[in-house]
Each structure stands twice: as C-alpha cells, then as structure tokens.
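Right, one structure below, let's go through it.
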Amino acid sequence: MQILDGKKASQAIRDDLKIEVAQRAAEGKKIPHLAAILVGTNGASETYVAAKVRACEEVGFKSTLLHFEESVSETRLLDKIQELNTDPDVDGILVQLPLPKHITDEQVINAIDPEKDVDGFHPVNVGKMVQGLDAFISATPHGIMLLLKHYKIDTRGKHAVVVGRSNIVGRPMSILLSSNNNPGNCTVTVCHSQTKDIKEYCLQADIIVAALGRPGFITADMVKEGVILIDVGITRVEDTGKKSGYKLKGDVDFETVGPKCSWITPVPGGVGPMTIAALMKNTFRSCKLRN
Ligand code: GUN
C-alpha cells in the first residue's frame, strides 16, 4: 500500500505557483485575485473557505472574503456577483456550496461570468469540459487528476468505478477519467444510489473514486487486490477524544481496505488539499488569460 499524499502534492503545486506569482509581481504584472462568497454559519463551509483564503495568502494572491448572513436574499447575492463580474481586479469568483434553502444554487452559479468561474460549476465550463475544450475544471476533480499526474499513475485502459454522480465530483470525474488524456483513457462505470449491486462493480475496478459522502461505505470485501482508491469523502463524525469533538472520516474504511490497495488517498490529507491546489491553479490561469 502506497499513499497518494495530497498534502505533499498540493504543497509542490503551491510552491511552483508562489514562484510564478513572485515573477509576475517582479515584472509589474497583475497578481491573481480570488473573491470568495460564504453564506451563513455552516462550520464545514467556514473551515473550507478559510483554508482557501489562507492558501491565497501563502501563494501571494490577493483574496476577498465576502461573508453574508444566512438570511441574505438571492437578489442581494446576485447583485454582488454582478459587481464582481465587472470588477477588473477580480480574476476568480467562488460561491461556497451548499447555500441556504431559500437560494437556488443554479441561479447563483449561472450568474458568475464563466471566465471568472474558477470553481468550474458554470454550464459553459461544464459543457467545454465534456467536449474536451479548454475550461475551468471544478476544483475537486481537477485536484484528483493533478494528484494522479503527480504520482505518475498509469490510468490508461483501466476500469474506473466512480461511486457518486454529483455535479461537483462524481459526474465530472467520470468524464475526465474517460477523456483522451493522461491521466484519463479509462473505461468508466458510474454507480449511484439506484445501482443494484455496487459491490459487484467495485470488485471489477482497477480504480475506485468514492464520492458519495457515506463514511466507511467502501469495505474490504468490495475491492480487489491492487486497486487504486481515491477517497473523496470528508464527513465529520463525533470523536469525544478530539478538542473539536469530531474527526473527518472518508467514504472508505481505510484500516481494512488500505492493505488491499496499491495506492490510496488518506482522509484527511488526500483529496482535500488537492482541491485547494486546483482552485489556486484555476485562479492563476484566469489571471493570466485576462491580463
Ligand atoms: N462545496 C463542496 N465542495 C465545493 C467546492 O469545490 N467549491 C465550492 N464552491 N463549494 C463546495
């Protein structure tokens, strides 16, 4: 069992970016600027957005955090997005999901200028990604592809089983893994809540991407020897031994599944840090394209 260390890979990407940003600054060029919108007081969302802002600081980007109350109206949010769309200093806009129930995610995502949509959620970017055109690829799937690349994992011709079909992870992951790229060129099966026998498909998998948000769902009896396991789950589960009162648990039962894997991502320290590295890369790319 070898570890796909997201912390290390993410650091390597951020170190490279830091150098490139310093170079831009030295040449008098514009520094990337990410604007992050957070609504309400969801603890996990607050943690993720804080980590994104910290990463901006570390690589030398400018960042703006706009924190709205849970009760903010959709109109107010749309107005703010419009303002950011037309602000020439802003290169990337992200709206942390989930949003409160009275706000429609789709309306908000569609309001972001696709050229500033560094989260890659806008239908224009999703459509381009599906067609294999240059696009902002959403941060978690992009981060996973960067992680596979960093560890030179040969995915060509492999059978990848993606468990989960969300717009944020499962669906784009299935498209990227099947694309004619390296990494890519997999034969992909997508499993979801209506799949009759997920275990049967997982047992045939050379690569499993577990992105369903059910802690410990993938167990040792569901995987074959030598599988490559990408665990996207990060559920907070109670842990009275921790100061915070919780620990993060992945969708994979690491203790029993790990020994059967050729490669596996830990939780935390696997996919999570890669999401941030990918977001930084997308923001940098937006800045370069627009300036
Ligand atoms: N919520 C869960 N994952 C993500 C993400 O990658 N970006 C945003 N904006 N919200 C999320």
Side-chain angles (χ1 to χ4, degrees), residues 6 10 13 34-56 61 63-68 70 72 74 77-78 80-81 84-85 90-101 103-114 116-123 125-126 129 135-147 162 164-173 175-176 209-215 230-236 248-251 265 267-268 270-283 285-286:
S10 165
I13 290 167
L34 175 71
I37 294 180
L38 173 66
V39 181
T41 52
N42 177 314
S45 289
E46 283 181 330
T47 306
Y48 299 147
V49 172
K52 290 169 186 179
V53 169
R54 248 194 338 269
C56 282
F61 291 2
S63 67
T64 303
L65 170 59
L66 299 152
H67 196 165
F68 292 92
E70 184 88 13
V72 68
E74 188 173 291
L77 220 49
L78 293 176
K80 179 47 82 176
I81 290 170
L84 297 171
N85 281 342
V90 172
D91 299 298
I93 303 167
L94 86 78
V95 179
Q96 190 65 29
L97 302 178
L99 289 167
K101 284 203 174 62
I103 297 172
T104 318
D105 290 5
E106 200 185 337
Q107 294 271 24
V108 171
I109 288 165
N110 291 2
I112 299 171
D113 177 349
K116 294 190 178 187
D117 169 40
V118 288
D119 246 338
F121 293 165
H122 192 286
N125 282 311
V126 177
M129 187 238 346
F136 289 118
I137 295 170
S138 54
T140 299
H142 187 189
I144 293 169
M145 298 306 275
L146 291 171
L147 186 61
V162 178
R165 56 180 165 184
S166 70
N167 285 339
I168 293 185
V169 186
R171 185 76 66 204
M173 213 47 234
I175 290 156
L176 293 172
V209 179
L212 69 161
R214 282 173 61 180
I230 310 294
D231 189 350
V232 187
I234 30 164
T235 308
R236 290 181 171 194
L248 295 177
K249 188 147 171 57
D251 288 347
T265 59
V267 177
V271 173
M274 295 309 295
T275 297
I276 294 186
L279 176 69
M280 297 297 112
K281 265 183 99 78
N282 284 352
T283 307
R285 180 165 168 265
S286 173

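Below, all heavy atoms of this structure are taken into account, side chains as well, without hydrogens, waters or symmetry copies. Both counts, for ligands and for their atoms, begin at 1 and track the order of listing.
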**Study point:** Exceeds 12 heavy-atom contacts within 6.0 angstrom, atom CD of Glu46
**Key:** yes
Review point. Is it true that a side-chain atom of Lys52 and a backbone atom of Leu279 form a donor plus acceptor pair closer than 3.5 Å?
Key: no
Practice item. Do me a favour and list the nearest non-hydrogen protein atom to atom 5 (C) of ligand 1 with residue, atom name and distance? Key: Phe121 CZ, 3.8 Å
Study note, to complete from the structure: If you compare Thr140, Asp119, Leu94 by their heavy atoms, the one closest to atom 9 (N) of ligand 1 turns out to be Asp119
Check your understanding: Heavy-atom count around Asn42 CG within 6.0 Å, excluding the residue itself: above 12?
Key -> yes
Exercise for review: Please check if the side chain of Asn125 supplies one atom and the backbone of Phe136 the other of a donor-acceptor pair under 3.5 Å.
Suggested key: yes
Check your understanding: To the nearest 0.1 Å, how far is atom 11 (C) of ligand 1 from its closest protein heavy atom, and which atom is that?
Key -> Gln96 NE2, 3.3 Å
Review point. Against heavy atoms of Val95, which atoms of ligand 1 measure under 4.0 Å?
Key: 8 (C), 9 (N)
Check your understanding: Relative to ligand 1, is Tyr48 under 4.0 angstrom through side chain, backbone, both or neither, heavy atoms considered?
Key -> neither
Practice item. Among Asp91, Asp117, Leu34, Asp113, find the residue that satisfies the side chain to side chain contact (heavy atoms under 4.5 Å, CB included) test when tested with Ser286. Key: Asp91
Check your understanding: Which bit of Lys52 gets closer than 4.0 Å to ligand 1, counting heavy atoms only: side chain, backbone, both or neither?
Key -> side chain
Review point. If we only count N/O pairs under 3.5 Å, is Leu97 in contact with ligand 1?
Key: yes
Review point. So, does Asp251 use its side chain to make a donor-acceptor pair with the main chain of Asp231 at under 3.5 Å?
Key: no
